[in-house]
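Treat the numbers as computed from the prediction; the structure is a model and nothing was measured. Each chain gets a letter, A, B and so on, in the order its sequence line appears, and its residues count up from 1.
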Amino acid sequence: MLEENTDSKKTESSLKSPQGGALNFSFPKKEKLTNKKLFEALFTEGKSLREFPLKLIYLKTDFKEKVPIKVAVVAPKKKFKTAVQRNRIKRLLREAYRLNKPLIFNNIEGNYAFIFLYLGKKTPSFDEVDSAMKKLLGTFLNKEFHEKID
RNA sequence: UUAGCAGGCCACCUUAUCGCUGCAAGUAUGGGCAACCGUGCUUGGAGAGGAAAGUCCGGACACCAAAGUGCAGCAUAGCGGGUAACGCCCGUCCGCCGUGAGGCGAGGACCAGUGCAACAGAAAGCAAGUACAGUUCGGCUGUAGUGAAAUCGGCAAACUCUAUGCGGUGAAACGCCAUGUAAACCAACGUUUGAGGGUUGCACGCCCGAGUUGGAGGGUAGGCGGUUGGAACACUUGGGUAACCAUUUGUCUAGAUAAAUGAUAAGGAUAUACAGAAUCCGGCUUAUGGCCUGCUUUUAAU
RNA sequence: GGCCGCGUGGCGCAACUGAAUAGCGCAUCUGAUUACGGCUCAGAAGGUUGCAGGUUUGAAUCCUGCCGCGGUCA
């Protein structure tokens, strides 16, 4: 089932998938993580993966909304003092996630909450964030998804 | 052109694709007698700043069931004007700085009272008195020496006085809805002869008042309104030295809530400073790229 | 978003009612003592008082503006 989906990513059949479509690059409000309790749970119980300059904290949960993943993005205030820098980083992370969504959206079962942390010291370019995001999502899939199959 | 002074303006732009947040219209669907409301899709149009910042002043607005009186406290300080108001702005006098264009100034009062003055110096504020000279011979006058200041005063960004102003708390204000033990249990005090609470730091006064406080144990920390049309912006004419005021016509110009402006490609120039609204305005201060205009000096370099 | 508080040698503090030399403890360095080290004793170095202005004869202290850090709220 899942392998078929990855193979037929760019075909028309996957566009009609009930989960929102493989080529759906949208990032609506539903897919944002807003619950305070979930945040706390993530920081205490969540597992983490690193791919410099990014860090992913994730946790398997259930939501009321029919969305597979909820995502939040963090830029630390200690390293980046101005709001402009923090906004810039958060926008880049969000954009990178949005464009790489199809990598994981069709290969996942259940609900996950994600937090992306930025660990670098300087404001990055989009290419850096994008490549790191791709690697990070790949390792996430390998860990969670293949371990379960085995 | 370089240096300096003052004032004003702009804040990379255009197109395409993908994406985000409100608004309007249409449409599908669910609910409702209906008005409408929720969700999805499509189209159209809008979407951070000159400082949005610091939170340093001044207001609007909201609440405090008296928001009252007195004391305390705080702020301002030539004079005149502007303003909703101000510690802001304009004009002007004076003082200081600069060759100059110009800039800066908490700039009332020590003949109301209290206080302060290290070192040096004979003496630093009930006075006392060195040396020399002069002399109308009166411990009268001058000079020297110390010091910021020597019988003349100085210092109120010393207490203070004078004049004027200020009630307090800030959108996490405040109103409504939802959720949930729970009109649960134990102890103390009390029900008009009043426990306790509210009311500005204190006192008085005033108001509310049948519950309040503590223990043990537990619940929610969500949604809607406030929330963007305003001391608004642009322009016409008139008044005023100016700040500004009056007036004509026109425009609608962000409303997020883990928090909306980004990515990619192409072109103009190849590079883009400081920096992100959070209730809203008027200022001040600080950060910062570039352009334009007028003026100043020696006429120094071309 | 609002409201408070604090900045003094490397660290923790004092001097804040203006007075010329900014003090104390720990740590550091040098010497003495010891076979060596510690303890102890003697001595030394280390400060733009967070920064910049102002008032004053004189500022860590008073005033103004910045910078940094911390706390608090329904």
Side-chain angles (χ1 to χ4, degrees), chain A residues 2 5-141 143-144:
Chain A
L2 291 160
N5 271 346
T6 46
D7 290 339
S8 61
K9 218 192 248 174
K10 291 169 186 174
T11 59
E12 287 186 356
S13 60
S14 63
L15 280 171
K16 295 173 184 173
S17 71
Q19 285 287 326
L23 289 180
N24 184 5
F25 292 110
S26 70
F27 186 47
K29 206 171 173 181
K30 276 184 182 178
E31 294 181 20
K32 290 178 184 172
L33 183 56
T34 57
N35 193 305
K36 269 189 181 179
K37 282 184 177 177
L38 252 181
F39 263 88
E40 289 172 13
L42 265 166
F43 280 114
T44 53
E45 301 168 23
K47 301 173 183 176
S48 65
L49 291 173
R50 283 194 185 203
E51 182 62 50
F52 192 82
L54 300 182
K55 182 180 183 181
L56 168 66
I57 301 176
Y58 64 93
L59 189 68
K60 190 169 185 178
T61 45
D62 293 314
F63 328 118
K64 297 171 185 174
E65 292 92 342
K66 291 183 177 178
V67 180
I69 301 176
K70 281 200 166 205
V71 177
V73 155
V74 172
K77 197 174 186 178
K78 280 192 178 179
K79 288 179 184 173
F80 303 96
K81 289 182 179 177
T82 65
V84 170
Q85 281 181 302
R86 293 195 297 274
N87 278 347
R88 170 80 183 164
I89 289 165
K90 283 155 76 176
R91 281 165 188 164
L92 286 176
L93 290 182
R94 235 178 268 140
E95 184 70 9
Y97 170 74
R98 183 178 73 81
L99 294 175
N100 291 312
K101 259 172 75 178
L103 276 177
I104 56 166
F105 239 60
N106 297 319
N107 303 329
I108 268 185
E109 287 183 342
N111 292 342
Y112 281 90
F114 280 12
I115 294 180
F116 288 102
L117 286 164
Y118 183 75
L119 302 174
K121 290 177 182 175
K122 292 182 179 178
T123 48
S125 68
F126 177 74
D127 289 335
E128 293 176 69
V129 176
D130 189 53
S131 60
M133 178 66 73
K134 280 175 180 166
K135 286 183 188 174
L136 195 59
L137 293 179
T139 51
F140 168 75
L141 280 177
K143 257 207 167 182
E144 283 297 303

> Would A:L54 and A:L119 count as a side chain to side chain contact (heavy atoms under 4.5 Å, CB included) if you check the C-alpha gap in whole Å, the side-chain angles of each, and the deciding distance to 0.1 Å?
Replying inline: CA-CA 6 Å; A:L54 300 182; A:L119 302 174; over 6 Å; no

> Who is the Watson-Crick or G-U wobble partner of B:U181, with both distances under 3.5 Å?
Replying inline: none

>> Walk me through whether A:V74 and A:Y118 qualify under side chain to side chain contact (heavy atoms under 4.5 Å, CB included).
In response: CA-CA 6 Å; A:V74 172; A:Y118 183 75; over 6 Å; no

>> Please compare A:V74 and A:K81 by the position of their nearest nucleotide in RNA chain B and report the one closer to 5'.
In response: A:V74

>> Please give the distance between the P atoms of B:C61 and B:A232 as a whole number of Å.
In response: 15 Å

> Who does B:A48 pair with, Watson-Crick or G-U, both distances under 3.5 Å?
Replying inline: none

>> Using the rule given for side chain to side chain contact (heavy atoms under 4.5 Å, CB included), can you reason through A:Y58 versus A:E144, listing the C-alpha separation, both sets of side-chain angles and the distance that settles it, and then say yes or no?
In response: CA-CA 10 Å; A:Y58 64 93; A:E144 283 297 303; 3.0 Å; yes

>> Can you tell me whether the base of B:A123 sits syn or anti, using the 90° cut around 0 to define syn?
In response: anti

>> Give me the distance, rounded to whole Å, that separates B:U21 from B:G262 when you measure between the C1' atoms they each carry.
In response: 13 Å

>> With syn defined as a glycosidic angle within 90° of 0 and anti as the rest, where does B:U228 land?
In response: syn

> Tell me, for nucleotides 12-25 of chain B in 5' to 3' order, what letter each nucleotide earns: B for a base near a protein heavy atom under 4.0 Å, S for only sugar-phosphate near one, - for neither?
Replying inline: ------BSSS----

>> Output the rounded distance in Å from CG (A:D130) to C1' (B:A265).
In response: 15 Å

> Taking it one step at a time, do A:I104 and A:I69 satisfy side chain to side chain contact (heavy atoms under 4.5 Å, CB included)?
Replying inline: CA-CA 10 Å; A:I104 56 166; A:I69 301 176; 3.5 Å; yes

> Does A:R88 get its side chain close enough to the base of B:G276, under 3.5 Å, for a donor-acceptor pair?
Replying inline: no

> How close or far is atom C1' of B:A258 from atom NZ of A:K70, stated in whole angstroms?
Replying inline: 11 Å

> Roughly how far apart, to the nearest Å, are B:A60 and C:A60 at atom P?
Replying inline: 43 Å

>> Under 4.0 Å from OP1 or OP2 of B:A258: is there any side-chain N or O of A:R94 that close?
In response: no

> With rounding to whole Å, what would you report as the distance between B:A117 and C:A19 at their P atoms?
Replying inline: 10 Å

> Reckon A:R86 touches a base, only the sugar-phosphate, or nothing at all at heavy-atom distances under 4.0 Å?
Replying inline: nothing

>> Using the C1' atom as the point on both nucleotides, what is the distance between C:C66 and B:C111, in whole Å?
In response: 44 Å

> Parallel, tilted or perpendicular for A:F114 and A:F140, by the 30°/60° rule?
Replying inline: perpendicular

> So, for A:A96 and A:V129, which heavy atoms are closest and what is the spacing to 0.1 Å?
Replying inline: CB-CG1, 3.7 Å

> Does A:R94 reach the main-chain N or O of A:V73 with its side chain, forming a donor-acceptor pair under 3.5 Å?
Replying inline: no

> Using purine N1 to pyrimidine N3 plus N6-O4 or O6-N4 for Watson-Crick, or N1-O2 and O6-N3 for G-U wobble, each under 3.5 Å, what pairs with B:U39?
Replying inline: B:A28

>> Checking understanding here: a glycosidic angle within 90° of 0 is syn, the rest anti, so what is C:A27?
In response: anti

> Can you tell me how far P of B:A275 sits from CD1 of A:I89, to the nearest Å?
Replying inline: 14 Å

> What integer distance in Å separates A:R91:CZ from B:A259:P?
Replying inline: 11 Å

> Paired with B:A263: which nucleotide, if any, by Watson-Crick or G-U wobble criteria at under 3.5 Å for both distances?
Replying inline: B:U17

>> Any strand counts, and the cut-off is 3.5 Å on both contacts for Watson-Crick or G-U wobble. Which nucleotide pairs with B:G113?
In response: B:C159

> Considering only the P atoms, how many Å lie between B:A120 and C:U21, rounded to the nearest integer?
Replying inline: 12 Å

> What integer distance in Å separates A:E31:CD from B:A258:C1'?
Replying inline: 15 Å

> Would you find more than 12 non-hydrogen atoms of other residues, nucleotides or ligands less than 6.0 Å from A:K79 atom NZ?
Replying inline: yes

> For A:K90 and B:G276, what is the distance between atoms NZ and C1' respectively, to the nearest whole Å?
Replying inline: 11 Å

>> If I pick the P atom on B:G250 and the same atom on B:A6, what distance separates them, to the nearest angstrom?
In response: 43 Å

> Just one of A:K101, A:K70, A:R98 clears the salt bridge (charged side-chain N to carboxylate O under 4.0 Å, His left out) bar with A:E31, so which one?
Replying inline: A:K101

> Would you find a donor on one side and an acceptor on the other, under 3.5 Å apart, between the side chain of A:R50 and the backbone of A:L56?
Replying inline: no

>> With a 3.5 Å limit on both atom pairs, tell me what B:C204 is paired to, counting Watson-Crick and G-U wobble, or say none.
In response: B:G68

>> Can you measure A:L92 atom CG to B:G276 atom C1' for me and round it to whole angstrom units?
In response: 15 Å

>> Suppose we define a pair by two distances each less than 3.5 Å, Watson-Crick or G-U wobble; what does B:A216 pair with here?
In response: none

> In the strands shown, is C:G68 matched to any nucleotide by a Watson-Crick or G-U wobble pair with both distances under 3.5 Å, and which?
Replying inline: C:C6

> In whole Å, what separates the P atom of B:U247 from that of B:U228?
Replying inline: 29 Å

> When syn is taken as a glycosidic angle within 90 degrees of 0, is B:C152 syn or anti?
Replying inline: syn

